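Here's the structure we're looking at; comments come further down.
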Amino acid sequence: MRSLTYRPADTFLYRLHPVTKGVGTFLWILWFSLHPWGLPASLAGLLGLLLVARLGGVPVLEILRELRGLILLLIVVALINLGGEGPAVGWRAGDAVVRVCGIFLWSAVLVTISSPAELTHFWELAFRPLGLFGVAAHELALVMVIGLRFLPVVLEEMERIRMAQAARGAGLPAGAGLVARVHHLLPLLIPTLVLSIHRASDLALAMEARGYRLSGQRSRYHEFRPQAGDLAAAFLLLALIIGTLWGRWPAASLGRGL
Amino acid sequence: MTRLTFDRVGYRHTPTTSPILGEVSFSLARGELVGLFGRNGAGKSTLTRLAAGLLLPTSGRVEVAGLCTSTRDPEIQRRVGILFQEADRQIVGVTVEEDLAFGPENLGMEPALMRARVRATAERLGLGAWLRRPVAELSGGMRQKLALGGVLVMDPDFLLLDEPTSQLDPWARREFWDLLLEVRRERGLGILVVSPRPAETDRLERALVLDGGRLAFDGPLADLWALPEPEVTAWGVRVPEGIRCQRLGFVSGQAWGLSPSGNPQDRPPGQEGPDQAGGGREATP
């Protein structure tokens with residue numbers, strides 16, 4: 001998952017307001033989860049998504065490569081759907097797999113086109129209702145952003161520990177099965193966890209040294225203003241989601257239900 | 001004059017543990033460049049954290065420009081910047097500009113002023129072209145500069161550097177020091193360097209030595225080098241080879257290709273000799 005990080009660029013996708021990007025992703029996931037038109041629509045949606053991402057300057061091939069990490073999940077999803085009854089089980093399984101891929105890919109695109117400041121801004125807004133229950137939205141958003149910042153670093157450290165262990169003869173034998181691989185991960189987790197805790201402690205100290213206070217009044221380096229592109233994107237996404245809801249629960253059946 | 005003052009400062013983690021620092025008193029003025037020496041566990045890191053207001057003394061007072069650190073005034077963090085050993089561990093932002101802006105955001109700085117400061121600091125440190133780039137793409141030396149920028153952007157009066165060049169190669173180390181001295185000249189910063197390398201000591205004006213949590217020495221660097229070597233070594237201070245050569249009678253240091261300061265960078269071209277910096281263990285570009 002190393003390439004899943006912000007890649008600065010200046011295209012129409014990158015210029016969208018953080019709220020448009022975040023809500024757009026949510027609606028897109030909703031569409032992939034709910035649409036009633038089966039495999040052709042899922043495939044069309046996936047291709048459309050890839051096209052938009054490519055036109056928007058996103059390194060699509062690199063993101064597609066990250067799908068390798070999901071193979072196990074995709075196999076499980078396919079097997080569950082193949083076990084069902086009725087005609088066209090294969091189509092249904094294929095549809096489910098494409099939907100999962102679509103949801104993952106768009107989430108990856110969101111991370112690629114959104115700077116941490118944009119993500120913080122969006123998550124802060126998204127978490128604001130939790131303030132009613134005493135949850136600090138900014139802190140929660142910052143935790144998520146720091147998680148994103150240090151994910152590649154932690155993975156790098158894990159790889160270093162793995163190599164150090166392999167150099168001392170604790171490597172994974174060739175052709176090892178799934179259970180052996182999972183078993184092999186365990187000795188990596190403890191040192192990685194310890195290192196991460198040390199790193200978190202140092203970072204907390206450094207943040208405090210740079211004036212970070214939980215209750216402090218902060219200003220913002222980035223100011224986000226909606227533009228015409230946001231309006232167009234919002235209109236398209238809303239049309240898509242209303243169309244989907246209409247297709248899934250037509251007004252007639254809704255009326256009958258009432 | 002603006003000063004950072006320790007007045008009989010003591011510190012212990014808990015009331016039952018032995019003290020890490022006891023009755024430490026000294027003062028650092030703006031514009032001074034001071035080295036802090038001592039063995040491992042002598043209390044150097046604790047002293048820097050107390051100076052930055054990250055720890056509060058269990059006895060005595062630490063004051064920054066008249067502000068006592070126990071007030072927890074955010075102005076203390078503005079006035080005292082601290083740079084830790086590993087730059088990578090104090091970089092919060094994913095991109096260069098976001099990391100530079102982290103401190104000013106916390107201070108509630110006005111956005112237009114903040115943007116101007118971030119740009120100016122990045123330009124000053126040679127990171128202007130990297131503003132929008134992810135931190136992951138920077139080299140070790142550039143990350144160290146970014147960490148320094150994250151502190152300088154808050155316009156501090158004092159800079160505390162905890163072994164700032166320990167992770168850098170000799171070239172990056174020299175570049176970092178040159179930059180630091182330029183910035184000090186421009187802004188009149190008071191700088192406290194923890195455990196400077198022997199090759200870097202000729203840049204210092206004054207030395208503080210901690211021994212077992214107490215201040216064993218506070219004075220001009222020349223006075224420290226004038227003390228008997230076993231005494232200095234017992235405090236965990238390595239005497240630079242240049243100084244040792246001078247003591248042995250090579251007063252000008254020319255027999256070893258050294259400047260009187262003991263800095264091999266000033267060695268006349270063409271002269272070969274043992275590597276004087278850091279007791280022959282460190283390379284100097």
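In this text, all values refer to a predicted model and were calculated from it rather than measured experimentally.
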| said: Looking at R15(A), I'd like to know if its CZ atom is crowded, meaning that more than 12 non-hydrogen atoms belonging to other residues, nucleotides or ligands lie closer than 6.0 Å. | reply: yes

Residue [X] versus chain A: region with a heavy atom under 4.5 Å:
X       : answer
P104(B) : backbone
V118(B) : side chain
E98(B)  : side chain

| Under 3.5 Å side-chain donor-acceptor pair for E97(B) and Y221(A) | yes

| message | Could you measure the distance from the CD1 atom of I91(B) to the CG atom of L203(A)? Nearest 0.5 Å is fine. | response | 10.0 Å

| remark: One should read off an interatomic distance between E105(B) CD and H222(A) NE2, to the nearest 0.5 angstrom, of 7.5 Å

| Closest contact, heavy atoms only, S219(A) versus G108(B) | OG-C, 3.2 Å

Please determine if [X] and [Y] form a salt bridge, counting it only when a charged side-chain N lies under 4.0 Å from a carboxylate O.
X      : Y       : answer
E86(B) : R199(A) : no
D99(B) : R210(A) : yes
R49(B) : E208(A) : no

| Best-contacting candidate, M109(B), R132(B), R78(B), against chain A by heavy atom pairs under 4.5 angstrom | M109(B)

| query | Is there a side-chain contact between V92(B) and M207(A) (heavy atoms, below 4.5 Å)? | reply | yes

